Amino acid sequence: IGDDVLMVSGSDCFGTPITVEADKEGKAPEEVANSYHEKDVHLFKDILDLSYDLYTKTLTDQHIKVTQDFFVKLLENGYIFVDKSSQYFSPTEKRFLPDRYVIGKCPNCGFADARSDQCDSCGKVLNQGELINPVSTISKEPVELKETQHYFIDWPKLQPKIVQYVKTHSSGWKDWVRAETLGWLNEGLKPRAITRDIDWGVPIPKDRIPENMLINDIDTKRIYVWFDAVIGYYSASLLWAQETGGDWKSFWYNKDAYHYYFMGKDNLMFHTIFWPGQLMGFDDQLHLPDLPSINMFFHLEGEKFSKSRGVTIEIKDLVEKYGNDRVRFYITLVMPETRDSSFSWSDFKEKINGVLVANIGNFIHRALSVGYNNGFNVSADKIFPEVLAEVKSSFSTARNYLEKCEFRNYLEVILKLAGFGNKLCDEEKIWELAKKDTTRFGAVMTNLYFIIGSLGYLFAPLMPEA
Ligand SMILES: [Zn+2]
């Protein structure tokens, strides 16, 4: 639609999911992270045909340096302080165990296998010490809290800026996204540790920290993944500019730019509260997130996806068997935009046959085949006023939905326009008209072709192969 777009993303390489797997397989974390990255690059580019301006990873020197810049700047600006914190420590393993290495009962919803940093069931972000009956995932033995010195981000100090940001930016957000964000803010933000006792993460830039702000055992601590991962959007833009000569500032220091972020609901707080806060604490001239396009959870036949429990579909297999367009069509149709939804094999079949084929496919096929078999002259000045009005309103409604990332509604517009075309075929009885009144037939067919062409444009972003 004529806008200048920069689309960047990347693989999140730090954090305990990587080290847990590396431990299990006896590999280096870097090797595990790189192998996931390569698989994802292949999947996105070669299988799903997604076109990023840059799809990078958080292991690059660029990202590590930019993360350290954020750290130093937030420290200088008074948003990072040093404090002792209690971290889980395993007496059996004689070491600190971050996040995914510790599980227990969620204090918020009672889920039994909640991670110590966030509950996978209700999504609540947890602080160390909140979990009930915490145990090590390695030894299954109970863990205890032990004091250790860390850097903390001062969320209470940033809270007024964040509240102001949400007030001025959230009018276009989905209602539940705004409500959940305001819920966290009303509860009041607490300081949160941004370093951990681990060896896999962005190194703390100790040479750039004033002496009175250095913490104990700084060499065995790292900046933690929740702090660095979101910085990836910004560092990727800088890397893109470096590699292509592109003008990153026209995206980040431009009040007319519009920033979209795409994620699942477990990442909500990191994008509607933490990331805007980090940006404002780093440089208050930077463009803040405009629209977080957040989905709820997508399940498989009503069950949570889980490789270990076999509740899984390989996207690669799905796409290779049924084609990208059918998969994209179905997933858009049932996308969990406002509530959790499910991929269901029987529903997949039903929607492809009953909606894509029977509604849209049927309309296009019969109009084209009747036109082809009988022949007619296209004349652009014969577009009926009601057809023109329907197409015009479809385009303007569709554009509005697309800009708000309401993809299900976008698809509804397409289905409605195809339905309108089907109705015109029926009302005019085109297969009889071809024999009875060639002038009228030519006019009707011109209109039907006009609708088909319009559907083609509307379908392009949704089903690019069609
Ligand atoms: Zn929970």
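Numbering of ligands and ligand atoms starts at 1, following listing order. These numbers come from the heavy atoms of this one structure, side chains and all, not from hydrogens, waters or symmetry mates. What you see is a predicted model; the values in this text were computed from it and never measured.
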Name each donor-acceptor pair under 3.5 Å that joins a side chain in residues 4-14 to protein atoms two or more places apart or in another chain, with its distance.
| unit_1 | atom_1 | unit_2 | atom_2 | d |
| --- | --- | --- | --- | --- |
| S11 | OG | H37 | ND1 | 2.7 |
| S11 | OG | Y55 | OH | 3.3 |

Which donor-acceptor pairs under 3.5 Å do the side chains of residues 225-233 make with protein atoms, sequence neighbours left out?
| unit_1 | atom_1 | unit_2 | atom_2 | d |
| --- | --- | --- | --- | --- |
| W226 | NE1 | A193 | O | 3.2 |
| D228 | OD1 | H63 | NE2 | 2.7 |
| Y233 | OH | H271 | NE2 | 2.6 |

May I have the list of side-chain donor-acceptor pairs in residues 108-117 shorter than 3.5 Å, sequence neighbours left out?
| unit_1 | atom_1 | unit_2 | atom_2 | d |
| --- | --- | --- | --- | --- |
| R115 | NE | D117 | OD1 | 3.2 |
| R115 | NH1 | D120 | OD1 | 3.0 |
| R115 | NH2 | D117 | OD1 | 3.4 |
| R115 | NH2 | D117 | OD2 | 3.3 |
| S116 | OG | D99 | N | 3.3 |
| S116 | OG | D99 | O | 3.0 |

Query raised in the report: Would the F305 and F343 ring centres measure less than 6.0 Å apart?
Result: no
**Report entry** Residue-atom pairs from the protein, N, O or S only, that lie under 2.8 Å from the Zn ion (ligand 1)
**Finding:** C106 SG, C109 SG, C119 SG, C122 SG
Query raised in the report: Can a cation-pi geometry be assigned to K73 and F282, taking NZ or CZ under 6.0 Å from the six-membered ring centre and within 45° of the ring axis?
Result: yes
Report task. For residues T137 and R100, determine if any side-chain heavy atom of one lies less than 4.5 Å from a side-chain heavy atom of the other. Result -> no
